[in-house]
There are 2 protein chains.
Amino acid sequence: MALTQLAVVSTAVDILQQFGLADLSMRRLAKELDVQVGALYWHVKNKQELLAQVAAKLLNTPQLSVNADDFSTPADTILQLSRRLYLALLPIQDSPEVIEVATAMQATELSPVLQLRELLEASGLSAENARHGQQLLLNHILGSVAFRQNLVQLDVDAPLADGFDWGLQRAVAGLVS
Amino acid sequence: MALTQLAVVSTAVDILQQFGLADLSMRRLAKELDVQVGALYWHVKNKQELLAQVAAKLLNTPQLSVNADDFSTPADTILQLSRRLYLALLPIQDSPEVIEVATAMQATELSPVLQLRELLEASGLSAENARHGQQLLLNHILGSVAFRQNLVQLDVDAPLADGFDWGLQRAVAGLVS
DNA sequence: ACCTGAACACCGTTCAAGT
DNA sequence: ACCTGAACACCGTTCAAGT
């Protein structure tokens with residue numbers, strides 16, 4: 001396999017899924033690709049940019065989009081998209097950190113996050129308030145995933161009712177009403 | 001100054017405030033205290049525990065508590081406490097990460113976070129739902145602080161209306177109503 | 001009891017030099 | 001154009017040995 005940017009990012013995703021962010025080092029990545037560390041820097045600018053591309057690969061998938069026509073109300077569509085995001089990120093170790101790096105750099109577009117804002121605007125919010133609502137929902141999704149993943153790490157047996165969905169419903173109720 | 005646990009934690013807080021989490025390494029901390037790295041491990045178990053104590057020192061201050069009697073409604077009291085937390089954490093570089101470590105270990109009690117739950121319960125929520133509401137608000141506070149701090153880092157001039165307060169109001173409205 | 005010295009096993013990033 | 005080899009300046013943690 002030729003060492004391309006795609007190969008670097010894909011292997012990074014693999015390491016993240018299997019071992020978590022702590023094991024996703026440039027050196028470990030190089031080893032996995034049978035290449036010297038410096039070689040990676042020909043294909044990615046630095047680790048931050050790599051993580052942003054990893055985040056994009058995780059989120060920019062058709063699995064993570066909703067069709068507004070499939071739901072009765074805009075609020076329902078927002079709920080469904082939020083739940084899909086939560087459930088998609090939950091099994092990926094340290095995914096919240098990775099997504100935060102990507103949104104912080106705003107170098108890459110994360111389409112489900114964009115869709116969240118569009119749905120809020122479609123439900124009657126101003127462009128500005130839709131942005132703020134997007135922030136509230138994203139904060140809750142990422143924060144809840146991080147909290148849940150920390151519980152697993154501490155061997156606390158995770159209850160099904162982890163409060164994400166209840167909080168989500170109250171937040172959406174507060175946003176569109 | 002004798003090397004005590006208090007001295008170690010206090011110096012850690014200083015480094016965090018002045019230079020951020022990236023500079024708060026055990027080695028840097030040892031240098032600041034004119035001591036070898038290994039000496040620190042006599043006073044703190046590891047870096048995680050140190051960060052938890054740093055978080056406690058940051059949050060367990062009388063500045064960050066509210067008197068419910070000072071406000072007309074429970075919702076107002078919750079809003080005020082949330083705003084105080086946000087404003088207190090904002091000037092401290094990378095404070096959300098530090099608080100997250102502390103809450104993840106749940107080794108130390110962070111009193112403003114506890115008070116948030118108490119206020120939610122006082123406003124009529126069940127014990128369980130108060131916990132979930134606490135989670136929603138904490139997610140929004142920490143997420144908004146992290147987002148704002150990332151903007152500063154990228155030299156984007158921060159607008160006064162950063163959306164924290166609007167999102168907070170909608171969340172609280174959704175929670176207690 | 002408390003600290004030093006030194007090691008172990010790592011990091012991200014850069015860059016001359018090779019092909 | 002793409003990669004190697006090697007360096008630079010760091011990490012957290014442990015532990016025999018000193019006082």
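We find that CG of Leu40(B) is positioned 12 Å from C1' of dT4(C), with the value rounded to whole Å. With rounding to whole Å, Gln48(B) atom CD is found 16 Å from dC11(D) atom C1'. Separating the OH atom of Tyr41(B) from the P atom of dT4(C) is a distance of 15 Å, rounded to the nearest angstrom. Distance CG (Asn46(B)) to P (dT13(D)): 5 Å, rounded to an integer number of Å. Computed from coordinates, the Lys31(A) NZ to dG5(D) P distance equals 14 Å when rounded to whole Å. One interatomic measurement links the two molecules: CD of Gln5(A) to C1' of dC2(D), which rounds to 14 Å at whole-angstrom precision. The separation between Met26(A) atom CE and dC11(C) atom C1' is 11 Å, rounded to whole Å. Here the C1' atom of nucleotide dC3(D) and the CG atom of Asp34(A) are 13 Å apart, to the nearest Å.
OP1 and OP2 of dA1(C) both lie 4.0 Å or more from every side-chain N or O belonging to His43(B). Taking 4.0 angstrom as the limit, Gln36(A) places none of its side-chain polar atoms (N or O) nearer than this to OP1 or OP2 of dC3(D). Of the side-chain N and O atoms in Trp42(A), none sit less than 4.0 angstrom from OP1 or OP2 of dC3(D).
Side-chain atoms of Arg170(A) come within 3.5 Å of backbone N or O of Gly174(B) as a donor-acceptor pair.
With His140(B) as the fixed residue, the ring pair (Phe, Tyr, Trp, His ring centres under 6.0 Å) test singles out one of Phe164(B), Trp166(B), Phe147(B): Phe164(B).
A gap of 22 Å separates the P atoms of dC8(C) and dA9(D), to the nearest Å.
Checked against dC3(D), dT4(C), dG12(C), the side chain of Ser25(A) finds its nearest nucleotide in dG12(C). The side chain of Lys47(B) sits closest to dT13(D) out of dT13(C), dT13(D), dC3(C). The listed nucleotides are dA7(D), dC3(C), dG12(D); the one nearest the side chain of Arg27(A) is dA7(D). Of the candidate nucleotides dC3(C), dC11(C), dC3(D), dC11(C) has the atom lying nearest to any side-chain atom of Arg28(A).
In this structure, CG on Leu120(B) lies 10.5 Å from OG on Ser126(B), to the nearest 0.5 angstrom.
Using a 4.0 Å heavy-atom cutoff across all strands shown, Val35(B) reaches sugar-phosphate atoms only and no base atom.
Comparing Asp23(A) and Lys45(A) against DNA chain C, the residue whose closest nucleotide sits nearer the 5' end is Asp23(A).
Using a 3.5 Å distance cut-off with no hydrogens or angles, the side chains of Gln80(A) and Asp76(A) do not pair a donor with an acceptor.
Of the charged side-chain nitrogens involved, at least one lies within less than 4.0 Å of a carboxylate oxygen, so that Arg28(B) and Glu32(B) count as a salt-bridged pair.
With a 3.5 Å ceiling on both atom-pair distances, the Watson-Crick or G-U wobble partner of dA16(D) is dT4(C).
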